[in-house]
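Working notes, beginning with the structure itself.
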Amino acid sequence: MRKLFVVLALLAAGSTMVFAGQWSGYISDEMCAKSGSKAAKASDWINPKAFESCAQKCVREGSPVVFVTEDNQILKLDSSSTKKARPHVGQRVKLTGTVENGTLKISKISALKMEDPAKYGSKDVEEHMHDHR
């Protein structure tokens, strides 16, 4: 009976995976992030000229704040992390924290420089980002 309890306790502990680390990516809103979710990398759909104003507008309209990794994975934020991330909506960031069950808890966050917007040419990406509406 004791062995069964130990095995069950280990299985229960293993079901809640917690990953600590450091990542770079983008603070976005959930609607914009989901509209670009088919891209291989976040930088494939994020236009530095339009991203900040678009993401901020969508957050003001009620879309939740999320973190998008460089490889375009979307992570939800816990409430304290949302408060830390809000000043960085629409920015590329470097952060440290933990991920548990797909939710990111930020311990430290700082802004990074965005990529060169010249690679986007005259394409109106902000308009494309709002195609999800």
Side-chain angles (χ1 to χ4, degrees):
M1 184 70 164
R2 187 186 298 198
K3 286 183 184 180
L4 178 60
F5 179 73
V6 170
V7 169
L8 289 175
L10 288 173
L11 287 173
S15 67
T16 304
M17 300 292 285
V18 178
F19 298 99
Q22 184 176 53
W23 298 272
S24 62
Y26 303 85
I27 300 298
S28 181
D29 71 284
E30 190 173 57
M31 280 195 318
C32 288
K34 284 184 176 180
S35 74
S37 66
K38 292 184 179 168
K41 300 180 300 183
S43 61
D44 291 344
W45 66 269
I46 292 175
N47 175 350
K49 287 190 209 175
F51 179 61
E52 187 170 9
S53 65
C54 177
Q56 288 177 356
K57 178 181 177 187
C58 291
V59 166
R60 280 192 306 272
E61 293 175 358
S63 183
V65 177
V66 296
F67 175 68
V68 181
T69 64
E70 299 284 358
D71 63 350
N72 211 27
Q73 301 300 306
I74 301 168
L75 296 172
K76 295 182 181 200
L77 304 177
D78 70 355
S79 61
S80 67
S81 297
T82 298
K83 290 176 187 171
K84 290 177 184 176
R86 220 172 241 286
H88 298 281
V89 171
Q91 296 177 3
R92 185 168 179 245
V93 296
K94 177 179 177 180
L95 57 82
T96 56
T98 57
V99 177
E100 183 173 352
N101 297 326
T103 300
L104 175 63
K105 183 173 181 130
I106 298 171
S107 55
K108 184 178 177 185
I109 185 170
S110 59
L112 293 173
K113 184 178 178 179
M114 286 278 220
E115 290 184 12
D116 181 9
K119 81 176 199 177
Y120 297 97
S122 62
K123 185 177 174 186
D124 186 357
V125 177
E126 182 173 11
E127 185 176 303
H128 170 70
M129 288 169 66
H130 286 112
D131 285 346
H132 59 270
R133 295 177 181 230

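Just so you know, these numbers come straight off a predicted model, no measurement behind them. Residues take their numbers from the sequence shown, with the count starting at 1.
- Legend: residues meeting side chain to side chain contact (heavy atoms under 4.5 Å, CB included) with S37, ordered by chain and number and at least two apart, are I74.
- Here A39 pairs with D44, W45, N72 under the side chain to side chain contact (heavy atoms under 4.5 Å, CB included) rule; sequence neighbours left out.
- Using a distance-only test at 3.5 Å, with no hydrogens or angles considered, a donor-acceptor pair links the side chain of T82 to the main chain of D78.
- Considering only heavy atoms from C-beta on, F67 stays 4.5 Å or farther from S81 through its side chain.
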- Test D29 against V65 for side chain to side chain contact (heavy atoms under 4.5 Å, CB included), laying out the working first. CA-CA 4 Å; D29 71 284; V65 177; over 6 Å; no

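- Rounded to the nearest 0.5 angstrom, R86 CZ and L77 CG are separated by 10.5 Å.
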Sequence neighbours excluded and cut-off under 3.5 Å, please list the side-chain donor-acceptor pairs for residues 104-111, or say none.
residue : atom : partner : partner atom : Å
S107    : OG   : T96     : O            : 3.1
S107    : OG   : T96     : OG1          : 3.0

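- The shortest heavy-atom contact between M114 and G90 is CE-O, 3.4 Å.
- Residues meeting the side chain to side chain donor-acceptor pair (under 3.5 Å) test with Q73, sequence neighbours left out: none.
- One finds the CZ atom of F19 at 9.5 Å from the CG atom of N101 (value rounded to the nearest 0.5 Å).
- Taking the side chain as every heavy atom from C-beta outward, Q91 and I27 never approach each other to under 4.5 Å.
- Partners of E30 under the side chain to side chain contact (heavy atoms under 4.5 Å, CB included) rule, at least two apart in sequence or in another chain, are K34, S63, P64, V66, K76.
- Pairing each heavy atom of V68 with each of S28, the nearest pair is CG2-CB, 3.9 Å.
- Side-chain contact between K41 and I46 is absent, with no heavy atoms from C-beta onward closer than 4.5 Å.
- Every residue was checked against the side chain to side chain donor-acceptor pair (under 3.5 Å) condition with T103, not counting sequence neighbours, and none meets it.
- Looking at R92, its side chain never comes within 3.5 Å of a backbone N or O of Y26 through a donor-acceptor pair.
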